[in-house]
Amino acid sequence: MADLKKKVLSFENGKTLKLWGNSVAISKSLEIGEGYAPNLFAYSVSQKDDKAIPEVYNPHGLTKEELLELADFQIRLWMDLKDSIRKYGINSVKVFVKEAII
């Protein structure tokens, strides 16, 4: 299984990709890219009196239910991508959902 550590995406076959960001993202069109900024829900550290304090960064105030819904949405997109690659291979534009491409 692929793994992401310290901005390096590693595959089982030994191939590695250096990323600029800290995550991999998928769009509704099933295109894959790097996620640069953790701006929806993240681990954050603030300083108070020379002490680092870990916090949850949730600028939009997402609820537990909303985060679970977002996770389900993203999981579905990744599963759709897997199904599409199995059906069409990696060299066909049919892999992508063209109606979702802006």
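The figures here come from the full heavy-atom set of this structure, side chains too, leaving out hydrogens, waters and symmetry mates.
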Q: Look up atom NZ in Lys48 and atom CD in Glu55, then write down how far apart they are to the nearest 0.5 Å.
A: 10.0 Å
Q: Work out which heavy atom in Tyr57 is nearest to a heavy atom in Asn39; give both atom names and the distance.
A: CE2-CA, 4.0 Å
Q: Measure across Leu19 and Leu4 and return the closest heavy-atom pair with its distance rounded to 0.1 Å.
A: CD1-CD1, 3.5 Å
Q. Minimum heavy-atom separation for His60 to Leu40, with atom names?
A. CD2-CD2, 3.6 Å
Q. Do the charged groups of Asp80 and Lys82 touch, with an N to O distance under 4.0 Å?
A. no
Q) How many angstroms lie between NZ in Lys28 and CG in Leu77, if you round to the nearest 0.5 Å? A) 8.5 Å
Q) Under the 4.5 Å side-chain heavy-atom rule for ILVMFWY, direct or indirect, which residues accompany Tyr43? A) Val45
Q | Side-chain heavy atoms of Val95 within contact of Ile90, under 4.5 Å | A | no
Q) With side chains defined as the heavy atoms from C-beta onward, is the minimum distance between Glu31 and Phe96 less than 4.5 Å? A) yes
Q) Should Leu81 and Ile85 be marked as a side chain to side chain contact (heavy atoms under 4.5 Å, CB included) after you check the CA-CA gap, both sets of side-chain angles, and the distance that decides it? A) CA-CA 6 Å; Leu81 176 65; Ile85 288 172; 3.8 Å; yes
Q.
Are more than 12 heavy atoms, taken from residues, nucleotides or ligands other than Glu69, located less than 6.0 Å from that residue's CD atom?
A. no
Q: To the nearest 0.5 Å, tell me how far Glu34 CD sits from Ser23 OG.
A: 8.0 Å
Q.
side chain to side chain contact (heavy atoms under 4.5 Å, CB included), that's the test. Do Val24 and Trp78 meet it? Break it down for me.
A. CA-CA 11 Å; Val24 178; Trp78 286 105; 4.0 Å; yes
Q) If you look at every heavy atom in Gly61 and Glu66, which pair is closest and at what distance? A) O-OE1, 4.0 Å
Q: Supply the atom-to-atom distance Ile75 CD1 to Leu68 CG, rounded to the nearest 0.5 angstrom.
A: 9.5 Å
**Q.** Non-hydrogen atoms of Ser84 and Lys94 that approach each other most closely
**A.** OG-O, 3.6 Å
Q) Would Met79 and Leu30 show up in the same hydrophobic cluster when neighbours are defined by side-chain heavy atoms closer than 4.5 Å? A) no
Q: Check the pair Phe11 / Leu17 against side chain to side chain contact (heavy atoms under 4.5 Å, CB included), numbers first and verdict last.
A: CA-CA 9 Å; Phe11 296 92; Leu17 301 176; 4.0 Å; yes
Q: Report yes if some heavy atom in the side chain of Phe41 is under 4.5 Å from a heavy atom in the side chain of Val56; otherwise report no.
A: yes
Q. Closest approach of Lys15 and Asn13, non-hydrogen atoms and distance?
A. N-OD1, 2.9 Å
Q: Give a yes or no on whether Lys18 atom NZ has more than 12 heavy-atom contacts from other residues, nucleotides or ligands under 6.0 Å away.
A: yes
